[in-house]
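Okay, so here's the structure we're looking at.
Whatever order the structure lists ligands and atoms in, that order sets their numbers, starting from 1. All of these numbers come straight from a predicted model, not from anything done at the bench.
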Amino acid sequence: MLKIKNLQAYYGESIILKNIDLNVQEGRIVCLLGRNGVGKSTFLKSIMGMVCTPHGSICLENKELINEPTYTRARSGIGYVPQGRDIFPQMTVAENLRLGLEINNGIGKISPKIYELFPVLKEMLTRKGGNLSGGQQQQLAIARALVSHPKLLILDEPTEGIQPSIIQDIGKVILLLKKEGYTILIVEQYLEFILNIADDYYVMDKGEIIAQGLVSKMDKEEIQHKIAI
Ligand SMILES: Nc1ncnc2c1ncn2[C@@H]1O[C@H](COP(=O)(O)OP(=O)(O)OP(=O)(O)O)[C@@H](O)[C@H]1O
């Protein structure tokens with residue numbers, strides 16, 4: 001579904017990503033692992049067209065997106081949940097959710113399915129986004145990305161700053177989404193979290209992919225060593 005080839009990304013003169021190749025097949029959960037600062041977030045921002053990418057190819061269902069602006073990429077079916085979640089603290093949960101419809105010019109309704117997946121949000125529709133816990137904000141950010149029915153969901157460190165008990169809830173939601181047939185690309189540093197969730201993994205170091213494979217065949221100690229701080 002998503003095919004990335006020879007992708008380079010720059011901040012000014014500094015090269016951050018060097019010839020990245022990465023594939024996400026339909027219906028699979030793919031995880032990109034790596035230490036702090038190796039370029040994982042830059043990679044997701046590159047997919048969304050938020051970073052300078054002079055070389056490479058980003059194809060979603062055989063449609064080349066590399067020269068397209070961010071809104072075209074979102075409209076092509078990529079739902080992006082950034083690191084830190086970007087919830088609007090002064091807006092209510094309902095208002096934050098409706099922002100997800102903006103890529104359809106605000107037209108449409110929030111599907112009841114969203115509240116089936118995230119019952120906690122239904123109880124909190126009138127609450128300000130800033131008053132939610134970290135885990136609830138993460139659920140809201142995922143829900144907001146889902147309201148426009150993306151083909152591919154990309155998540156940047158969904159476990160960051162979240163209590164261990166709530167991390168399990170986020171994991172359950174991701175597995176439910178997988179059952180629903182969603183295709184998901186996750187950036188993570190927390191290996192244990194992705195072991196029960198992801199099908200395929202890639203490891204990034206200094207802007208390059210240094211390992212990849214099936215999670216079921218992963219040498220956990222070796223990979224943990226590669227991503228340890
Ligand atoms: N806006 C920016 N301008 C210049 N350099 C940046 C910018 N954002 C990130 N960088 C640099 O790019 C490199 C990759 O950062 P990036 O945030 O992609 O890493 P990461 O693997 O996602 O790390 P983390 O887990 O800490 O977010 C780092 O050296 C970082 O300092």
Side-chain angles (χ1 to χ4, degrees), residues 2-24 29-58 60 65-71 73-74 78-87 134-135 137-142 144-145 152-164 166-167 170-171 174 184-195 197-198 200-213 215 218 220 222-229:
L2 178 74
K3 281 195 179 143
I4 298 193
K5 268 195 176 310
N6 291 323
L7 186 70
Q8 292 187 1
Y10 288 79
Y11 287 122
E13 299 283 297
S14 313
I15 184 160
I16 306 295
L17 301 179
K18 304 161 194 160
N19 300 320
I20 302 289
D21 289 345
L22 184 144
N23 289 329
V24 182
I29 301 190
V30 176
C31 181
L32 175 64
L33 295 156
R35 299 184 175 101
N36 273 330
V38 297
K40 305 181 302 298
S41 296
T42 302
F43 177 67
L44 297 189
K45 287 180 190 164
S46 300
I47 295 173
M48 294 314 294
M50 299 157 85
V51 174
C52 172
T53 52
H55 302 288
S57 165
I58 299 171
L60 183 72
L65 296 177
I66 191 86
N67 293 318
E68 300 294 340
T70 299
Y71 68 84
R73 300 183 194 209
I78 308 180
Y80 171 49
V81 180
Q83 195 171 18
R85 311 181 262 276
D86 282 1
I87 294 304
Q137 287 190 2
Q138 184 64 58
Q139 295 192 49
L140 175 55
I142 297 173
R144 186 177 58 187
L152 170 71
L153 182 65
I154 63 181
L155 307 173
D156 196 345
E157 290 203 42
T159 67
E160 192 190 31
I162 293 178
Q163 293 171 23
I166 312 294
I167 287 178
I170 302 286
I174 294 172
I184 307 177
L185 171 62
I186 311 179
V187 152
E188 256 302 334
Q189 288 196 50
Y190 180 22
L191 184 60
E192 284 298 318
F193 175 70
I194 68 103
L195 288 178
I197 289 178
D200 308 291
Y201 72 92
Y202 289 79
V203 181
M204 184 178 277
D205 194 21
K206 296 187 190 122
E208 293 179 286
I209 299 297
I210 57 161
Q212 69 186 82
V215 171
M218 178 195 278
K220 289 166 202 111
E222 187 196 332
I223 298 299
Q224 183 62 56
H225 181 69
K226 288 186 197 298
I227 66 173
I229 298 157

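Between Arg73 and Ser46, the closest heavy-atom pair is NH1-O, 2.9 Å. The two atoms that bring Ala145 and Leu153 nearest to each other are CB-CD1, 3.7 Å, heavy atoms only. Closest non-hydrogen pair, Ile194 versus Cys31, comes out as CG2-SG, 3.3 Å. Residues Leu152 and Leu60 share a closest heavy-atom pair of CD2-CD1, 4.2 Å.
Contact annotation: the side chain of Arg144 approaches that of Asp86 to within less than 4.5 Å [non-hydrogen atoms, C-beta and beyond].
Atoms of ligand 1 lying under 4.0 Å from at least one heavy atom of Thr42, given by number and element, are 14 (C), 15 (O), 16 (P), 18 (O). Ligand 1 places these atoms under 4.0 Å from at least one heavy atom of Lys40: 18 (O), 19 (O), 20 (P), 21 (O), 22 (O), 23 (O), 25 (O). The distance from ligand 1 to the heavy atoms of Asn36 drops below 4.0 Å at these ligand atoms: 23 (O), 24 (P), 25 (O), 26 (O). Heavy-atom proximity to Ser41, at under 4.0 Å, picks out these atoms of ligand 1: 17 (O), 18 (O), 20 (P), 22 (O), 27 (O). Ligand 1 places these atoms under 4.0 Å from at least one heavy atom of Glu157: 25 (O). Within ligand 1, the atoms closer than 4.0 Å to a non-hydrogen atom of Val38 are 19 (O), 20 (P), 21 (O), numbered from 1 in the order shown.
Atom 29 (O) of ligand 1 has its nearest heavy-atom neighbour, among Gly37, Gly84, Gly34, Gly207, in Gly37.
Side-chain contact check for Thr70 and Tyr80: no donor-acceptor pair (N or O, by modelled atom type) lies under 3.5 Å.
There is no protein heavy atom closer than 4.0 angstrom to atom 31 (O) of ligand 1. At a distance under 4.0 Å, a protein heavy atom can be found next to atom 6 (C) of ligand 1.
The side chain to side chain contact (heavy atoms under 4.5 Å, CB included) test with Met218 singles out one residue from Val203, Asp200, Leu33, and that residue is Leu33.
In terms of N/O distances under 3.5 Å, ligand 1 is not approached by Phe43.
Only the side chain of Gln189 comes within contact range of ligand 1, with a heavy atom under 4.0 Å; no backbone atom does. If you look at Arg35 next to ligand 1, the close heavy atoms, those under 4.0 Å, all belong to the backbone. With a heavy-atom cut-off of 4.0 Å, Ile16 touches ligand 1 through its side chain alone.
In Lys3, the NZ atom is not crowded: 12 or fewer heavy atoms of neighbouring residues, nucleotides or ligands sit closer than 6.0 Å. For Gln224, the CD atom sits in a packed shell: over 12 heavy atoms of surrounding residues, nucleotides or ligands are nearer than 6.0 Å.
Here Lys40 does not pair with Asp156 in a salt bridge; the nearest charged N to carboxylate O distance is not below 4.0 Å.
The nearest protein atom to atom 10 (N) of ligand 1, hydrogens excluded, is given as Tyr11 CE1, 3.4 Å; this is a heavy-atom distance. Of the protein's heavy atoms, Gln83 OE1, 3.1 Å lies nearest to atom 27 (O) of ligand 1.
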